[in-house]
Structure formats: structure tokens, C-alpha cells
Amino acid sequence: MMNKEKILVIGANGQIGTALLPKLQEIYGEDGVIASDLQATNPPKSVFETLDATQPTALQALIKKHNITQVYHLAAVLSAKGEANPLQAWEINMQTLLNVLEAARNLNLKKVFIPSSIAVFGESAPHQFTPQQAYLDPTTVYGISKVAAENWCLYYHKRYQVDVRSLRYPGVIGYQSLPGGGTTDYAVEMYHKAVAGENYTCYLQENTRLPMIYMEDVLRATIELMEAPADQISVRTSYNLAGTSFTPAELYENIKLLFPDFQCGFVPDFRQAIADSWPESIDDTSAQKDWGWKPKFDLSQITTEMITHLSKQLIG
Ligand code: AKB
């Protein structure tokens, strides 16, 4: 049954796409996964198709060409980058989302994955242990687009029975590729600098606590959610998802245990206000109850993993 699935990953060259692709290939086989993005990597990581997902005809043609049954739509303009050109970020995030949902409805896709983010929360939600159901008043265009996306997902599920599933990702930490345009990117950048033997200036204050998650946990959560029986999915907007939470100062101290000479300074910029509007920690009870979610990686385990993998990459 499994190997009859044909998966399309949109935004395959991005931070999560790069890591998710090999996991999906393990499950569905190399030919069972089509990677797509605006440009191919060299060499391509998989069967690759160039795709601008803002173009509905091109997207539907690709889905038909490969008999796609499931789409993972990972392309988006993130929180910090979106603030440079809010209308363009809205246009890209919403147009690509609606194209995917329309394709799912018209071409009877079996399942669709749409990531959301902790960026949906703003000043009004409790910042500690932020509940699944909270008032959503995001401060970034990215957050606004994700609140809208969550509601569109619910709408397509209720009105057209599209089996669309979603997670509110915390800041994602992985060694596979550099993130781009996010507010939580400082953590990955700090690891890279430490391993390269360089110092780092963090753009957030040292005491800014944010929810974070290791890539292995992200991949497992995504796949577990997508494999859960449909009748166990009670949240059709997007599930809160927790990994761990830490501050830049705690990360710095953790890295210093392995790299005692590493120095980090703190010079906050416009991203501080974004981070201050986000939760410090997340209540993901619904994900635990519905499909058994449990994260595995805490800060010190993430540090060990990141330093080990980045050091190997540096030697390689
Ligand atoms: C960002 O910082 O914009 C992203 C996110 C939390 O969705 N990493």
C-alpha cells in the first residue's frame, strides 16, 4: 500500500525540505518522491522538477505528470525576511497555499502537509506553555499568513474533505542546511560559528526564551502526523508542537562546554520585537493525546548532535 504513494515536496531545497527528502525516500523509495523548488541543486537530490508554486497551472500539471498522491508544501517567506516586503511575502505565502489546496481538491490528493509556526501567536496569547486554543494576533506578515493558512486548511477540510494536516513548528535546528529569513535562525548560526572557530554576534538579547526543536524531532513529528489515521486528527487548523525551550545565553553556555574559547556578543536588532511577541514554551497536549507526540532532544543533546555533525562536515 505504502509504495503506491507518490510524494511531491514543494520547497525541497529549504531548511526542512533538505532534511525531509531523504526520510521520505526511505519510506516511499527514491522514485516515490519528487523534489521541487525554484531551482535545482547541483547535483539534484532526487527526481527533481523546477516549480514556481505561485503558478497554479504549472503545479497541477506536475501533479498530473507524476500521479502525485500527497503534497508536502514547505515553501514560505519566513518571519524576518517577510518584514522587508510584507505584501510580497503575503502574496507568495497565500498564493502558493491556495494553489496547493485547490490542487488537492481538484485532483483528489490523498493527503497534504502545510507547516504552520509559533509565529501565529502574538502579544495576547499566554507566553508560557501557550495553549492550543489561544487568541491569535501575530505581529509579522509571516504570522498573519500562517493564521490565514490554518483557517484555509480547516475550511478545505470541512467544505471539500481535503485531508490536510499541519504543525506549528517552533524554531528548527538542524545541521543539514542553513535556515534563511527566520527569527530563530540565530541558534543554527551560533553552532556554525563555534565549529568554524569564529565568534558570533547574536541579534537577540541573551535572555530571550523561545521554543525550539531539533530536526530529527521535526521529521519524526511530521511523518507521525501524516501517518496517523485520519479519525485521530482532531485539530484541522494546526497542532501546537513542543521540542524544548532555551535562551541565547543558555545556548552559548552549552556550546562553551565543548568550545571554551568561543565568544558570543548580543546586539539586538528588529528581530528582538518579533521574538518578544512569541511564546516562551508550548503546550502540545493535543498532539500528545491524538497521535502520541513526544520530543526526544533537549538542549544538551541538540548541542552534541549539532557539533558532531557540523565538525564532520567541516572535515569533509
Ligand atoms: C522563523 O523564525 O520565522 C521560523 C519560525 C519560528 O517559523 N523559524
Side-chain angles (χ1 to χ4, degrees), residues 11 13-20 72-86 88-90 92-94 96-97 113-123 125 127 130 134 136-150 153 166-192 202-205 208-215 217-219 221-222 237-248 251 268-282 284 295 297 302 306:
N13 298 346
Q15 189 199 11
I16 296 172
T18 301
L20 185 62
Y72 287 69
H73 172 37
L74 306 177
V77 181
L78 299 188
S79 59
K81 192 169 175 205
E83 294 310 289
N85 194 339
Q88 188 192 51
W90 172 261
I92 293 171
N93 290 358
M94 295 318 296
T96 57
L97 168 85
F113 179 75
I114 307 278
S116 185
S117 162
I118 53 162
V120 295
F121 299 110
E123 297 299 346
H127 281 215
T130 307
L136 302 179
D137 54 355
T139 55
T140 60
V141 67
Y142 169 64
I144 299 171
S145 75
K146 287 298 181 190
V147 173
E150 291 188 0
C153 290
S166 177
L167 295 171
R168 289 173 176 159
Y169 288 142
V172 175
I173 300 175
Y175 59 85
Q176 292 87 344
S177 68
L178 276 167
T183 302
T184 57
D185 297 1
Y186 84 84
V188 181
E189 289 172 7
M190 204 188 287
Y191 285 119
H192 274 263
C202 180
Y203 53 78
L204 296 183
Q205 273 161 6
T208 309
R209 186 171 300 282
L210 286 170
M212 298 282 191
I213 189 165
Y214 188 51
M215 186 65 86
D217 275 340
V218 166
L219 303 181
T222 307
T237 48
S238 188
Y239 278 98
N240 273 11
L241 185 76
T244 183
S245 284
F246 56 80
T247 65
L251 177 57
D269 68 13
F270 73 99
R271 289 167 280 194
Q272 185 63 48
I274 299 176
D276 286 342
S277 74
W278 286 355
E280 294 192 2
S281 57
I282 297 289
D284 63 1
F297 291 84
I302 295 174
M306 286 295 286

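This one's a predicted model, so the numbers in the text were calculated from it and none came from an experiment. Just so it is clear, the values below take in all heavy atoms, side chains as well, and ignore hydrogens, waters and symmetry mates. Heads up: numbering here begins at 1 and tracks the sequence. Indexing begins at 1, ligand by ligand and atom by atom, following the structure's order.
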**Student:** Between CG of L167 and OG of S117, what distance do you get to the nearest 0.5 Å?
**Tutor:** 11.5 Å
**Student:** Of the options L210, I173, L204, which is the one that meets T184 in a side chain to side chain contact (heavy atoms under 4.5 Å, CB included)?
**Tutor:** L210
**Student:** Could you please provide the protein residues found below 4.0 Å of ligand 1 on a heavy-atom basis, arranged by chain and number?
**Tutor:** L78, S79, S117, I118, Y142, G182, T183, T184, W278
**Student:** Show which side-chain atoms of residues 73-82 pair as donor or acceptor with protein atoms under 3.5 Å away, not counting sequence neighbours.
**Tutor:**
residue, atom, partner, partner atom, Å
H73, NE2, T96, OG1, 3.1
S79, OG, T183, N, 3.2
S79, OG, T183, OG1, 2.7

**Student:** Between Y72 and T222, does a side-chain hydrogen bond (donor to acceptor under 3.5 Å, both in side chains) hold up when you go through it step by step?
**Tutor:** CA-CA 10 Å; Y72 287 69; T222 307; over 6 Å; no
**Student:** I'd like to know if R168 and E150 make a salt bridge, using a cut-off of under 4.0 Å between side-chain N and carboxylate O.
**Tutor:** yes
**Student:** In the structure I gave you, are the side-chain heavy atoms of I213 and T244 within less than 4.5 Å of one another anywhere?
**Tutor:** no
